[in-house]
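The structure under discussion appears below in the form of C-alpha coordinates.
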Amino acid sequence: MSRAAVPGLPSRHPIGEQLPALYADDDFAQRFTAGLDTVLAPVFSTLDNLPSYFDPRLAPADFLAWLATWVGGADDPRRPPALRREAVAGAVELHRWSGTRRGLVEALRLVLGVSADITGDGGAAWSSTAGGALPPAPADELLVRVWPRRHGGAVDADRVRELVQSLCPVHTICRVEVLPGPPTSEEGRQ
(Lines give C-alpha, C1' and ligand atoms only; values in the text may rest on other atoms or scores of the structure.)
Protein backbone atom coordinates (compact mmCIF):
# COMPACT_ATOMS: atom_id res chain seq x y z
CA MET A 1 0.00 0.00 0.00
CA SER A 2 1.36 3.41 -0.85
CA ARG A 3 -0.04 6.86 -0.98
CA ALA A 4 2.12 8.73 -3.49
CA ALA A 5 1.93 11.94 -5.43
CA VAL A 6 -1.11 12.14 -7.64
CA PRO A 7 -0.43 14.04 -10.87
CA GLY A 8 -2.55 17.15 -11.09
CA LEU A 9 -4.00 16.87 -7.57
CA PRO A 10 -4.26 20.44 -6.30
CA SER A 11 -3.49 21.27 -2.68
CA ARG A 12 -6.43 22.60 -0.72
CA HIS A 13 -3.97 24.68 1.30
CA PRO A 14 -1.31 26.03 -1.11
CA ILE A 15 1.74 27.12 0.85
CA GLY A 16 2.65 29.87 -1.62
CA GLU A 17 -0.58 31.71 -0.86
CA GLN A 18 0.19 31.66 2.86
CA LEU A 19 3.65 33.21 2.57
CA PRO A 20 4.23 36.83 3.63
CA ALA A 21 3.63 39.43 0.90
CA LEU A 22 7.37 39.76 0.43
CA TYR A 23 7.43 36.29 -1.21
CA ALA A 24 4.15 36.58 -3.14
CA ASP A 25 5.98 37.73 -6.29
CA ASP A 26 9.18 35.72 -5.68
CA ASP A 27 9.33 33.18 -8.51
CA PHE A 28 11.76 30.86 -6.68
CA ALA A 29 9.67 30.83 -3.46
CA GLN A 30 6.48 30.13 -5.39
CA ARG A 31 8.06 27.28 -7.42
CA PHE A 32 9.65 25.83 -4.27
CA THR A 33 6.39 25.84 -2.31
CA ALA A 34 4.52 24.46 -5.35
CA GLY A 35 6.83 21.44 -5.18
CA LEU A 36 5.94 21.01 -1.52
CA ASP A 37 2.25 21.35 -2.42
CA THR A 38 2.64 18.44 -4.86
CA VAL A 39 4.09 16.29 -2.08
CA LEU A 40 1.57 17.37 0.58
CA ALA A 41 -1.61 17.27 -1.56
CA PRO A 42 -2.05 13.46 -1.22
CA VAL A 43 -1.45 13.74 2.55
CA PHE A 44 -4.18 16.37 2.88
CA SER A 45 -6.48 14.34 0.64
CA THR A 46 -5.94 11.21 2.74
CA LEU A 47 -6.56 13.09 5.99
CA ASP A 48 -9.68 14.76 4.56
CA ASN A 49 -11.03 11.33 3.57
CA LEU A 50 -9.76 9.33 6.55
CA PRO A 51 -13.17 8.02 7.67
CA SER A 52 -13.60 6.44 4.22
CA TYR A 53 -10.40 4.45 4.72
CA PHE A 54 -11.97 2.66 7.69
CA ASP A 55 -15.17 1.72 5.86
CA PRO A 56 -14.58 -1.45 3.77
CA ARG A 57 -17.24 -0.36 1.30
CA LEU A 58 -15.32 2.85 0.52
CA ALA A 59 -11.66 2.12 1.28
CA PRO A 60 -9.17 2.16 -1.59
CA ALA A 61 -8.62 -1.31 -3.01
CA ASP A 62 -4.98 -1.42 -1.95
CA PHE A 63 -5.98 -0.55 1.64
CA LEU A 64 -8.60 -3.31 1.88
CA ALA A 65 -6.16 -6.15 2.60
CA TRP A 66 -4.60 -4.18 5.42
CA LEU A 67 -8.04 -3.29 6.81
CA ALA A 68 -8.93 -7.00 6.78
CA THR A 69 -6.00 -7.72 9.11
CA TRP A 70 -7.32 -5.16 11.57
CA VAL A 71 -10.62 -7.02 12.01
CA GLY A 72 -9.26 -10.55 11.67
CA GLY A 73 -11.02 -11.01 8.35
CA ALA A 74 -10.04 -13.07 5.36
CA ASP A 75 -9.13 -11.20 2.21
CA ASP A 76 -8.61 -13.04 -1.03
CA PRO A 77 -7.32 -10.75 -3.80
CA ARG A 78 -8.51 -13.29 -6.41
CA ARG A 79 -12.15 -12.49 -5.60
CA PRO A 80 -14.05 -9.57 -7.13
CA PRO A 81 -13.65 -6.31 -5.17
CA ALA A 82 -17.31 -6.15 -4.14
CA LEU A 83 -17.14 -9.60 -2.53
CA ARG A 84 -13.82 -8.76 -0.84
CA ARG A 85 -15.40 -5.63 0.64
CA GLU A 86 -18.41 -7.63 1.89
CA ALA A 87 -16.12 -10.19 3.55
CA VAL A 88 -14.15 -7.51 5.39
CA ALA A 89 -17.34 -5.68 6.42
CA GLY A 90 -18.83 -8.90 7.84
CA ALA A 91 -15.67 -10.08 9.64
CA VAL A 92 -16.46 -8.57 13.05
CA GLU A 93 -19.99 -9.97 13.08
CA LEU A 94 -18.61 -13.32 11.94
CA HIS A 95 -16.38 -13.52 15.03
CA ARG A 96 -19.53 -13.49 17.19
CA TRP A 97 -20.63 -16.74 15.55
CA SER A 98 -17.26 -18.51 15.62
CA GLY A 99 -17.58 -22.24 16.28
CA THR A 100 -21.28 -22.38 15.40
CA ARG A 101 -23.20 -23.72 12.45
CA ARG A 102 -24.30 -20.21 11.50
CA GLY A 103 -20.71 -18.96 11.70
CA LEU A 104 -19.44 -21.68 9.38
CA VAL A 105 -22.21 -21.09 6.83
CA GLU A 106 -21.60 -17.33 6.88
CA ALA A 107 -17.83 -17.76 6.61
CA LEU A 108 -18.23 -19.98 3.56
CA ARG A 109 -20.56 -17.40 2.01
CA LEU A 110 -18.40 -14.37 2.79
CA VAL A 111 -14.94 -15.81 2.21
CA LEU A 112 -15.53 -18.20 -0.70
CA GLY A 113 -18.89 -17.09 -2.08
CA VAL A 114 -20.58 -20.49 -1.77
CA SER A 115 -23.84 -21.59 -0.17
CA ALA A 116 -23.71 -24.28 2.49
CA ASP A 117 -25.89 -26.61 4.49
CA ILE A 118 -24.62 -28.36 7.61
CA THR A 119 -26.08 -31.50 9.14
CA GLY A 120 -25.08 -33.18 12.36
CA ASP A 121 -24.68 -31.75 15.82
CA GLY A 122 -20.95 -32.08 16.31
CA GLY A 123 -21.15 -34.50 19.20
CA ALA A 124 -23.44 -32.60 21.56
CA ALA A 125 -26.05 -34.49 23.58
CA TRP A 126 -28.08 -33.55 26.65
CA SER A 127 -31.04 -34.55 28.70
CA SER A 128 -33.73 -32.14 29.88
CA THR A 129 -34.70 -34.48 32.74
CA ALA A 130 -32.69 -34.08 35.94
CA GLY A 131 -31.34 -37.40 37.17
CA GLY A 132 -32.59 -39.15 34.03
CA ALA A 133 -30.66 -41.62 31.94
CA LEU A 134 -27.93 -40.22 29.81
CA PRO A 135 -28.78 -39.85 26.12
CA PRO A 136 -27.01 -42.10 23.65
CA ALA A 137 -23.66 -40.84 22.38
CA PRO A 138 -24.23 -38.72 19.28
CA ALA A 139 -22.27 -38.98 16.09
CA ASP A 140 -19.42 -36.51 16.23
CA GLU A 141 -19.36 -35.85 12.50
CA LEU A 142 -20.61 -32.78 10.70
CA LEU A 143 -21.55 -32.99 7.06
CA VAL A 144 -20.91 -29.72 5.25
CA ARG A 145 -22.53 -29.54 1.83
CA VAL A 146 -21.54 -26.63 -0.39
CA TRP A 147 -22.68 -25.47 -3.82
CA PRO A 148 -22.16 -22.39 -5.99
CA ARG A 149 -24.30 -19.38 -5.12
CA ARG A 150 -25.03 -18.66 -8.77
CA HIS A 151 -25.96 -21.07 -11.56
CA GLY A 152 -22.89 -22.25 -13.48
CA GLY A 153 -20.46 -21.06 -10.79
CA ALA A 154 -17.52 -23.15 -9.68
CA VAL A 155 -16.51 -24.28 -6.20
CA ASP A 156 -12.86 -24.73 -5.28
CA ALA A 157 -13.15 -27.90 -3.16
CA ASP A 158 -9.64 -27.61 -1.72
CA ARG A 159 -10.25 -24.07 -0.49
CA VAL A 160 -13.61 -25.12 0.98
CA ARG A 161 -11.98 -28.01 2.87
CA GLU A 162 -9.20 -25.75 4.09
CA LEU A 163 -11.65 -23.15 5.40
CA VAL A 164 -13.96 -25.75 6.98
CA GLN A 165 -10.99 -27.43 8.67
CA SER A 166 -9.79 -24.11 10.09
CA LEU A 167 -13.23 -23.20 11.46
CA CYS A 168 -14.60 -26.57 12.59
CA PRO A 169 -14.39 -27.13 16.36
CA VAL A 170 -11.42 -29.32 17.20
CA HIS A 171 -13.51 -32.11 18.76
CA THR A 172 -15.53 -32.70 15.59
CA ILE A 173 -14.92 -34.42 12.31
CA CYS A 174 -16.08 -32.33 9.38
CA ARG A 175 -16.81 -34.02 6.07
CA VAL A 176 -17.25 -31.82 2.99
CA GLU A 177 -19.39 -32.60 -0.06
CA VAL A 178 -19.38 -30.31 -3.09
CA LEU A 179 -22.70 -30.31 -4.93
CA PRO A 180 -23.43 -28.88 -8.39
CA GLY A 181 -26.47 -27.03 -7.02
CA PRO A 182 -28.69 -26.75 -3.93
CA PRO A 183 -29.51 -30.12 -2.37
CA THR A 184 -32.95 -31.56 -3.03
CA SER A 185 -35.21 -32.88 -0.29
CA GLU A 186 -34.22 -36.48 -1.05
CA GLU A 187 -30.57 -35.59 -0.41
CA GLY A 188 -31.49 -35.00 3.19
CA ARG A 189 -31.33 -31.22 3.41
CA GLN A 190 -32.42 -30.07 6.84
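Bear in mind the structure is a predicted one, so any value in this text is a computation, not a measurement.
A continuous path of hydrophobic side-chain contacts links V178 to V164 [ILVMFWY only; heavy atoms under 4.5 Å]. L47 is not connected to I15 by any chain of hydrophobic side-chain contacts under 4.5 Å among Ile, Leu, Val, Met, Phe, Trp and Tyr, and they are in different clusters. Follow the hydrophobic side-chain contacts under 4.5 Å out from L64 and you reach W70 in the same cluster. Residues L36 and L9 are members of separate hydrophobic clusters, defined by side-chain heavy-atom contacts under 4.5 angstrom among Ile, Leu, Val, Met, Phe, Trp and Tyr. One hydrophobic cluster, built from ILVMFWY side chains closer than 4.5 Å, holds both V105 and V160.
Contact detail for P180 and W147: the closest heavy-atom pair is C-CB, 4.5 Å. Contact record, A154 with P148: N-CB, 4.4 Å, taken as the closest heavy-atom pair. For V43 against V39, the heavy-atom pair with the smallest separation is CG2-O, 4.1 Å.
Counting only distance, with no hydrogens or angles, the side chain of S98 and the backbone of H95 share no donor-acceptor pair below 3.5 Å. In this structure, S45 contributes its side chain and A41 its backbone to no donor-acceptor pair below 3.5 Å. Looking at E86, its side chain never comes within 3.5 Å of a backbone N or O of P56 through a donor-acceptor pair. Side chain of R101 to main chain of I118: a donor-acceptor pair is present (N/O by atom type, distance under 3.5 Å, no hydrogens or angles). A donor-acceptor pair under 3.5 Å is formed between the side chain of R85 and the backbone N or O of A59. Using a distance-only test at 3.5 Å, with no hydrogens or angles considered, a donor-acceptor pair links the side chain of R79 to the main chain of V111.
In the hydrophobic clustering, L94 connects to L110, either directly or through intervening members, whenever side-chain heavy atoms lie under 4.5 Å apart.
Salt-bridge annotation for E162 and R159: absent, with no side-chain N of the basic residue lying under 4.0 Å from a carboxylate O of the acidic one.
Rounding to the nearest 0.5 Å gives a distance of 10.0 Å between OG1 of T100 and CG of L167. One distance of note links CD1 of I173 with CG of L142; it measures 9.5 Å at 0.5 Å rounding. With rounding to the nearest 0.5 Å, the separation of SG in C168 from CZ in R161 is 13.5 Å. Summarising the geometry, atom CZ belonging to R149 is positioned 5.5 Å from atom CZ belonging to R109; distances are rounded to the nearest 0.5 Å.
No side-chain heavy atom of D117 sits under 4.5 Å from any side-chain heavy atom of L179. When side chains are defined from C-beta on, V144 counts as touching L108, because their heavy atoms get closer than 4.5 Å. A 4.5 Å side-chain heavy-atom check between H13 and F44 finds at least one atom pair inside the cut-off. Side chains of D156 and L112 form no contact here, defined as non-hydrogen atoms less than 4.5 Å apart.
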Between Q30 and L19, does the side-chain contact (heavy atoms from CB on, under 4.5 Å) criterion hold? Intermediate values first, please. CA-CA 9 Å; Q30 292 299 317; L19 292 176; 4.1 Å; yes
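Within 6.0 Å of CD in Q165 there are 12 or fewer heavy atoms belonging to other residues, nucleotides or ligands.
Among residue pairs with one or both ends in residues 25-39, those qualifying as salt bridge (charged side-chain N to carboxylate O under 4.0 Å, His left out) are D27-R31; sequence neighbours excluded.
W66 and F63 have perpendicular rings, their planes meeting at more than 60° on a 0 to 90° scale where under 30° would count as parallel.
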